[in-house]
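Some notes on the structure that comes next.
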Amino acid sequence: MKSWKKGIAAVLCAVMVMGLAAGCGGSEKSALDQVKEEGVLVWGTNSEFPPFESKNGAGEVVGVDAEIMAKVAEKMGVKLQVEDMDFDSLPAALQSGKIDVIGAGYTEDEERLKQMDFSTKYFKAKQVVVVRKGDTSIKSKDDLKNKKIGVQVGTTGDIEATEIEGAEVSRNASMLLACQDLKNGQVDAVIADSETMKYILQNMGEDIEVVQDIVYDDEYYGLAVKKGESELLDEINAVLQEMIDNGEIDQLLIKYSAQG
Ligand code: ARG
């Protein structure tokens with residue numbers, strides 16, 4: 001009865017192959033499963049971006065993003081762990097699995113969308129140009145050509161500045177440092193996010209100001225996860241939507257903008 005033995009062998013082989021394939025797929029756990037299993041959600045950020053994230057006196061990262069992330073972790077029933085790093089290290093950290101999510105007043109843009117997935121947007125921002133008060137030489141985008149421009153490295157402001165003809169871009173670890181360079185005369189202008197600039201100007205802005213006539217396109221902040229991690233993204237989106245709908249995000253913005 002060779003032929004039925006062969007038949008059984010073939011079926012067994014097929015079952016084994018299917019099992020192997022399933023096993024392989026199964027060993028690649030989703031980010032959500034991993035987080036739940038470990039009981040920890042790792043949030044990657046750069047805490048130089050008030051009111052979204054900054055360090056309080058006790059060295060803890062606080063701000064709008066910190067509160068959003070705390071809510072996400074709470075909903076998932078896990079602990080939140082923060083990894084505070086250079087802003088331009090965030091994409092690689094997400095890619096390598098060092099962090100589960102980027103929450104950093106992080107603008108969704110085409111380049112980033114190639115590497116990661118973004119959540120529902122929770123804030124509309126734009127880039128602004130800041131100069132020394134009374135400097136009338138920079139009134140339009142054209143005037144930025146061949147100038148020295150300070151930015152935070154890896155930000156959308158960095159991208160804008162890099163596109164300006166003949167500009168010498170000075171890339172700093174933070175927008176605050178870029179503004180200090182501006183005060184000291186080491187750069188002619190700073191390009192950075194409107195909301196954080198508002199905050200910095202409130203606190204150290206006696207001699208620097210926003211150029212009102214230079215306007216960039218709107219941009220939107222979202223949280224970013226590794227490409228394809230749709231289950232984790234769903235959890236995040238549910239929390240964000242609730243916080244947007246019930247006005248919590250707006251309240252947090254007021255709360256953290258007033259501090260400083
Ligand atoms: N929105 C800008 C960007 O995504 C700047 C964000 C800076 N965030 C920070 N936490 N330092 O490029």
Side-chain angles (χ1 to χ4, degrees), residues 43-57 59-69 82 84-91 102-109 112 118 121-133 138 144 149-162 169-184 186-212 214-224 249-260:
W43 163 41
T45 195
N46 163 262
S47 67
E48 299 278 358
F49 200 62
F52 295 92
E53 45 265 332
S54 57
K55 279 207 172 126
N56 68 11
E60 299 151 342
V61 181
V62 296
V64 178
D65 288 336
E67 300 246 7
I68 294 173
M69 290 313 310
V82 55
D84 190 8
M85 63 185 80
D86 292 340
F87 183 77
D88 60 338
S89 302
L90 288 166
I102 298 176
Y106 208 49
T107 301
E108 180 183 298
D109 75 5
R112 290 174 185 167
F118 274 81
K121 312 307 165 300
Y122 61 92
F123 187 74
K124 181 171 100 175
K126 53 175 74 185
Q127 299 300 305
V128 291
V129 173
V130 179
V131 297
R132 281 182 295 278
K133 262 188 196 158
I138 300 175
L144 290 169
I149 300 177
V151 297
Q152 179 175 26
V153 62
T155 58
T156 41
D158 186 353
I159 296 169
E160 290 291 353
T162 305
V169 184
S170 162
R171 298 183 174 85
N172 296 273
S174 74
M175 293 173 188
L176 187 67
L177 286 173
C179 286
Q180 267 153 12
D181 277 357
L182 177 63
K183 282 187 156 198
N184 300 336
Q186 276 160 283
V187 294
D188 305 305
V190 167
I191 303 182
D193 296 54
S194 46
E195 201 64 21
T196 299
M197 280 302 113
K198 223 191 270 173
Y199 188 97
I200 290 178
L201 288 175
Q202 264 171 32
N203 293 292
M204 64 170 276
E206 319 84 50
D207 37 17
I208 55 177
E209 65 186 358
V210 171
V211 182
Q212 297 300 337
I214 304 183
V215 179
Y216 287 95
D217 292 343
D218 290 339
E219 48 187 79
Y220 295 88
Y221 298 168
L223 304 175
I249 302 258
D250 292 332
Q251 278 166 19
L252 288 172
L253 276 160
I254 294 170
K255 173 175 170 195
Y256 287 101
S257 296
Q259 293 177 5

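Along the sequence shown, the residues carry numbers beginning at 1.
- A distance-only check finds a donor-acceptor pair linking the side chain of D65 to the backbone of G105 [under 3.5 Å].
- Nearest heavy atoms, P51 versus L253: CG-CD2, 4.3 Å.
- Looking only at atom types and distance, the side chain of Q180 has no donor-acceptor partner in the side chain of N172 under 3.5 Å away.
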Requested in this report: Please test V130 against I200 for side-chain contact (heavy atoms from CB on, under 4.5 Å), starting from the C-alpha separation and ending with a verdict.
Outcome: CA-CA 11 Å; V130 179; I200 290 178; over 6 Å; no
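- Listed here is the closest heavy atom pair of V129 and A189: CG1-CB, 4.0 Å.
- Heavy-atom neighbours of D217 CG from other residues, nucleotides or ligands within 6.0 Å: at or below the threshold of 12.
- With 3.5 Å as the limit, one finds no donor-acceptor pair spanning the side chains of Y199 and D193.
- When all heavy atoms of S47 and K55 are compared, the closest pair comes out as OG-CG, 3.6 Å.
- Side-chain atoms of R132 come within 3.5 Å of backbone atoms of L182 as a donor-acceptor pair (strictly under, hydrogens ignored).
- Residues T156 and E219 have side chains that bring a donor and an acceptor to within less than 3.5 angstrom of each other.
- Residue A161 comes nearest to V151 through the heavy atom pair CB-CG1, 3.8 Å, listed as atom of the first residue, atom of the second, then distance.
- The distance from atom OG of S170 to atom CG of D181, rounded to the nearest 0.5 Å, is 5.0 Å.
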Query - Check against side-chain contact (heavy atoms from CB on, under 4.5 Å), I138 and I214 - result: CA-CA 9 Å; I138 300 175; I214 304 183; 4.0 Å; yes
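- One finds no salt bridge joining R171 and D88 here, because no Lys/Arg side-chain nitrogen approaches an Asp/Glu carboxylate oxygen to under 4.0 Å.
- Listed by chain and number, the residues in a salt bridge (Lys or Arg N to Asp or Glu O under 4.0 Å) with D207 are K183 (sequence neighbours excluded).
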Report task. I would like to know whether S257 and E195 meet side-chain contact (heavy atoms from CB on, under 4.5 Å); could you show each step before the answer? Result -> CA-CA 9 Å; S257 296; E195 201 64 21; 3.9 Å; yes
Report task. Check the pair V64 / F123 against side-chain contact (heavy atoms from CB on, under 4.5 Å), numbers first and verdict last. Result -> CA-CA 10 Å; V64 178; F123 187 74; over 6 Å; no
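- Within the model, atoms CG of L201 and CD1 of I208 stand 5.0 Å from one another, a figure rounded to the nearest 0.5 Å.
- Using a 4.5 Å heavy-atom cutoff, the side chains of L223 and W43 are not in contact.
- Rounded to the nearest 0.5 angstrom, N46 CG and S89 OG are separated by 9.0 Å.
- Rounding to the nearest 0.5 angstrom, the gap separating the CD1 atom in I159 from the CD atom in Q127 is 9.0 Å.
- The ring-ring contact (aromatic ring centres under 6.0 Å, His included) test with Y106 singles out one residue from F118, F49, Y221, and that residue is F118.
- Counting heavy atoms from C-beta outward, K126 and V215 have side chains that approach closer than 4.5 Å.
- With hydrogens and angles ignored, the 3.5 Å screen pairs a side-chain donor or acceptor of T196 with a backbone N or O of P50.
- Side-chain contact between Y256 and V62: present, with at least one pair of heavy atoms (C-beta onward) separated by less than 4.5 Å.
- For T45 against G103, the heavy-atom pair with the smallest separation is OG1-O, 2.8 Å.
- S194 contributes no side-chain N or O that, together with a main-chain N or O of V128, makes up a donor-acceptor pair within less than 3.5 Å.
- One finds the CD atom of E53 at 10.5 Å from the CE atom of M69 (value rounded to the nearest 0.5 Å).
- For the atom pair NZ of K121 and CD of E108, the computed distance is 4.0 Å after rounding to the nearest 0.5 Å.
- Applying the salt bridge (Lys or Arg N to Asp or Glu O under 4.0 Å) rule to K124 yields the partners D218; only residues at least two apart in sequence or on another chain are considered.
- Listed here is the closest heavy atom pair of A192 and M197: CB-CE, 3.5 Å.
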